[in-house]
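Worksheet: the structure to be examined is printed underneath.
If you're wondering where the values come from, they're calculated on a predicted model, not measured in any experiment.
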Amino acid sequence: MAQLERLWRALKLLGAARDLAVEKRQYRWDIKPPNTFYLKAEHADIHLRPHDEARILTTIELRGGFGWQIATDQDEAGVYIIARRKPIVGSIGRGRFSVLLPPGIHISLKLEHCRLRMDNLNGGIEFPPDVYESP
(Lines give C-alpha, C1' and ligand atoms only; values in the text may rest on other atoms or scores of the structure.)
Protein backbone atom coordinates (compact mmCIF):
# COMPACT_ATOMS: atom_id res chain seq x y z
CA MET A 1 0.00 0.00 0.00
CA ALA A 2 2.85 2.40 0.84
CA GLN A 3 4.43 1.71 -2.54
CA LEU A 4 1.15 2.58 -4.28
CA GLU A 5 1.00 5.88 -2.39
CA ARG A 6 4.58 6.74 -3.40
CA LEU A 7 3.73 5.95 -7.02
CA TRP A 8 0.63 8.14 -6.81
CA ARG A 9 2.66 11.06 -5.38
CA ALA A 10 5.27 10.64 -8.11
CA LEU A 11 2.57 10.74 -10.81
CA LYS A 12 1.11 13.92 -9.30
CA LEU A 13 4.55 15.55 -9.29
CA LEU A 14 5.12 14.61 -12.94
CA GLY A 15 1.75 16.09 -13.88
CA ALA A 16 2.56 19.31 -12.03
CA ALA A 17 5.96 19.55 -13.76
CA ARG A 18 4.32 19.11 -17.15
CA ASP A 19 1.78 21.83 -16.40
CA LEU A 20 4.52 24.20 -15.25
CA ALA A 21 6.41 23.62 -18.49
CA VAL A 22 3.45 24.84 -20.60
CA GLU A 23 3.36 28.60 -21.07
CA LYS A 24 0.40 30.37 -22.63
CA ARG A 25 0.54 33.94 -23.94
CA GLN A 26 -2.20 36.02 -25.51
CA TYR A 27 -1.74 39.11 -27.67
CA ARG A 28 -4.20 41.60 -29.12
CA TRP A 29 -3.37 44.26 -31.69
CA ASP A 30 -5.88 46.77 -33.06
CA ILE A 31 -5.16 47.45 -36.73
CA LYS A 32 -6.51 49.30 -39.76
CA PRO A 33 -6.38 47.21 -42.96
CA PRO A 34 -4.62 47.02 -45.29
CA ASN A 35 -1.95 45.80 -42.92
CA THR A 36 0.43 42.85 -42.70
CA PHE A 37 0.67 39.96 -40.27
CA TYR A 38 4.20 38.53 -40.24
CA LEU A 39 5.11 35.34 -38.40
CA LYS A 40 8.51 33.70 -38.27
CA ALA A 41 8.44 30.39 -36.37
CA GLU A 42 10.10 27.02 -36.16
CA HIS A 43 8.88 23.62 -34.98
CA ALA A 44 5.35 24.85 -34.38
CA ASP A 45 1.71 24.22 -35.23
CA ILE A 46 0.11 27.32 -36.73
CA HIS A 47 -3.63 27.79 -37.13
CA LEU A 48 -4.89 30.86 -39.03
CA ARG A 49 -8.57 31.79 -39.03
CA PRO A 50 -10.54 34.86 -40.08
CA HIS A 51 -12.86 36.92 -37.90
CA ASP A 52 -14.81 40.16 -38.32
CA GLU A 53 -13.01 42.41 -35.84
CA ALA A 54 -10.39 45.01 -36.79
CA ARG A 55 -7.75 43.38 -34.64
CA ILE A 56 -5.34 40.48 -34.67
CA LEU A 57 -5.80 38.07 -31.76
CA THR A 58 -3.04 35.56 -31.10
CA THR A 59 -2.73 32.79 -28.55
CA ILE A 60 0.67 31.16 -28.23
CA GLU A 61 1.08 27.95 -26.27
CA LEU A 62 4.66 26.90 -25.65
CA ARG A 63 5.62 23.46 -24.43
CA GLY A 64 8.96 23.84 -22.72
CA GLY A 65 8.41 27.61 -22.60
CA PHE A 66 11.81 28.13 -20.95
CA GLY A 67 13.39 27.06 -24.26
CA TRP A 68 11.74 29.78 -26.38
CA GLN A 69 12.44 33.38 -27.29
CA ILE A 70 9.38 35.34 -28.46
CA ALA A 71 9.50 38.87 -29.85
CA THR A 72 6.46 40.87 -30.97
CA ASP A 73 6.09 44.32 -32.44
CA GLN A 74 3.58 46.52 -34.21
CA ASP A 75 4.02 49.54 -36.44
CA GLU A 76 1.93 51.34 -39.06
CA ALA A 77 2.70 48.58 -41.60
CA GLY A 78 1.74 45.57 -39.52
CA VAL A 79 2.17 43.14 -36.66
CA TYR A 80 5.26 40.97 -36.28
CA ILE A 81 5.90 37.82 -34.26
CA ILE A 82 9.24 36.03 -34.19
CA ALA A 83 9.44 32.77 -32.24
CA ARG A 84 12.77 30.99 -31.91
CA ARG A 85 13.82 28.01 -29.89
CA LYS A 86 16.92 28.53 -27.77
CA PRO A 87 19.94 26.37 -28.56
CA ILE A 88 20.05 23.03 -26.72
CA VAL A 89 17.18 23.56 -24.21
CA GLY A 90 14.82 24.63 -26.99
CA SER A 91 15.18 21.34 -28.80
CA ILE A 92 12.50 19.82 -26.55
CA GLY A 93 10.14 22.76 -27.09
CA ARG A 94 7.09 22.85 -29.31
CA GLY A 95 4.85 25.82 -30.06
CA ARG A 96 1.22 26.23 -31.01
CA PHE A 97 0.02 29.50 -32.54
CA SER A 98 -3.67 30.24 -32.97
CA VAL A 99 -4.26 33.47 -34.89
CA LEU A 100 -7.53 35.27 -35.67
CA LEU A 101 -7.12 37.67 -38.59
CA PRO A 102 -9.38 40.49 -39.79
CA PRO A 103 -10.45 40.88 -43.42
CA GLY A 104 -8.11 42.77 -45.76
CA ILE A 105 -4.90 41.66 -44.08
CA HIS A 106 -1.74 40.51 -45.86
CA ILE A 107 -0.16 37.37 -44.42
CA SER A 108 3.59 36.80 -44.54
CA LEU A 109 5.02 33.61 -43.05
CA LYS A 110 8.56 32.37 -42.68
CA LEU A 111 8.29 28.85 -41.31
CA GLU A 112 10.78 26.12 -40.54
CA HIS A 113 9.54 22.58 -39.80
CA CYS A 114 6.01 23.81 -39.07
CA ARG A 115 2.52 22.50 -39.61
CA LEU A 116 0.16 25.12 -41.05
CA ARG A 117 -3.62 25.04 -40.95
CA MET A 118 -5.76 27.74 -42.56
CA ASP A 119 -9.53 27.82 -42.17
CA ASN A 120 -11.93 29.82 -44.35
CA LEU A 121 -9.27 32.10 -45.84
CA ASN A 122 -9.57 33.48 -49.36
CA GLY A 123 -6.73 34.40 -51.69
CA GLY A 124 -3.72 32.91 -53.39
CA ILE A 125 -0.70 31.19 -51.92
CA GLU A 126 2.64 30.85 -53.63
CA PHE A 127 5.47 28.68 -52.32
CA PRO A 128 9.12 28.88 -53.38
CA PRO A 129 10.50 25.84 -55.24
CA ASP A 130 12.57 24.70 -52.26
CA VAL A 131 9.61 24.45 -49.84
CA TYR A 132 9.86 20.66 -49.66
CA GLU A 133 13.64 20.38 -49.60
CA SER A 134 15.40 19.44 -46.39
CA PRO A 135 18.17 21.76 -45.21
Side-chain angles (χ1 to χ4, degrees):
M1 189 65 160
Q3 189 175 10
L4 186 58
E5 284 183 35
R6 282 194 300 269
L7 180 60
W8 180 250
R9 275 190 243 132
L11 287 173
K12 285 173 67 175
L13 282 173
L14 285 173
R18 182 198 67 221
D19 292 342
L20 286 174
V22 176
E23 184 178 329
K24 191 173 189 177
R25 301 179 187 186
Q26 294 184 323
Y27 299 95
R28 174 184 174 156
W29 296 279
D30 293 325
I31 62 160
K32 294 179 184 171
N35 229 297
T36 298
F37 172 72
Y38 175 81
L39 173 63
K40 179 179 180 182
E42 55 188 44
H43 297 275
D45 296 329
I46 295 127
H47 186 189
L48 306 177
R49 295 175 293 159
H51 72 141
D52 294 330
E53 300 177 28
R55 62 184 49 98
I56 296 172
L57 302 171
T58 303
T59 300
I60 302 173
E61 186 178 300
L62 302 172
R63 300 235 178 246
F66 53 86
W68 285 86
Q69 294 175 312
I70 304 287
T72 65
D73 197 9
Q74 180 180 17
D75 62 17
E76 63 280 346
V79 170
Y80 312 92
I81 300 174
I82 298 175
R84 289 185 24 179
R85 296 186 313 163
K86 293 178 183 175
I88 314 262
V89 296
S91 65
I92 64 169
R94 189 83 181 150
R96 180 176 293 155
F97 297 77
S98 179
V99 185
L100 294 173
L101 299 166
I105 192 106
H106 299 279
I107 301 169
S108 179
L109 305 171
K110 184 167 183 174
L111 308 176
E112 187 176 314
H113 302 288
C114 290
R115 182 170 53 185
L116 177 62
R117 177 179 167 189
M118 298 182 288
D119 292 341
N120 299 317
L121 298 180
N122 297 312
I125 297 176
E126 198 171 304
F127 292 105
D130 62 345
V131 73
Y132 294 112
E133 292 179 11
S134 298

Practice problem: Give a yes-or-no answer on whether the side chains of Arg25 and Thr58 include a donor-acceptor pair shorter than 3.5 Å. | Solution: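 Judged by distance alone, the side chains do not pair up.
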Side-chain heavy atoms nearer than 4.5 Å, only ILVMFWY residues, links allowed to pass through others: does that put [X] and [Y] together?
X      : Y      : value
Leu48  : Leu111 : yes
Leu116 : Leu57  : no
Ile107 : Trp29  : yes
Ile82  : Leu39  : no
Tyr27  : Ile105 : yes

When rounded to the nearest 0.5 angstrom, what distance separates [atom1] in [X] from [atom2] in [Y]?
X      : Y     : atom1 : atom2 : answer
Ser98  : Asp45 : OG    : CG    : 11.0 Å
Leu101 : Phe37 : CG    : CZ    : 6.0 Å
Phe97  : Ile81 : CZ    : CD1   : 7.0 Å
Lys86  : Trp68 : NZ    : CH2   : 11.5 Å

Exercise. Return the minimal non-hydrogen interatomic distance between Arg94 and His43, and the atom names on each side.
Key: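 Residues Arg94 and His43, closest heavy atoms: NH1-C, 3.1 Å.
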Quiz item: Taking all non-hydrogen atoms of both residues, which atom of Pro33 and which atom of Pro103 are closest, and how far apart?
Solution: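 In this case the closest contact between Pro33 and Pro103 is CG-O, 3.4 Å.
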Practice problem: Name all residues meeting the salt bridge (charged side-chain N to carboxylate O under 4.0 Å, His left out) criterion together with Arg117; count only those two or more places apart in sequence or in a different chain, and write none if there are none. | Solution: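 Applying salt bridge (charged side-chain N to carboxylate O under 4.0 Å, His left out) to Arg117 gives Asp119.
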Self-check item: Pairing residues for Glu61 by the salt bridge (charged side-chain N to carboxylate O under 4.0 Å, His left out) criterion, not counting sequence neighbours
Solution: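 Result, salt bridge (charged side-chain N to carboxylate O under 4.0 Å, His left out) vs Glu61: Arg63, Arg96.
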Quiz prompt | Contacts of type ring-ring contact (aromatic ring centres under 6.0 Å, His included), residue Tyr38, not counting sequence neighbours | solution =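 Testing Tyr38 for ring-ring contact (aromatic ring centres under 6.0 Å, His included), a comparison that skips the adjacent residues, returns none.
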Quiz item: Only one of Asp75, Thr72, Thr36 clears side-chain hydrogen bond (donor to acceptor under 3.5 Å, both in side chains) with Tyr80; which?
Solution: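 The option that passes is Asp75.
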Quiz item: Between the side chain of Asn35 and the main-chain N/O of Gly78, is any donor-acceptor distance below 3.5 Å?
Solution: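 Indeed, once roles are kept as given, a pair shorter than 3.5 Å links the two residues.
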Quiz item: When you measure from the side chain of Glu42 to the backbone N and O of Arg85, does any donor-acceptor pair fall under 3.5 Å?
Solution: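 Indeed, once roles are kept as given, a pair shorter than 3.5 Å links the two residues.
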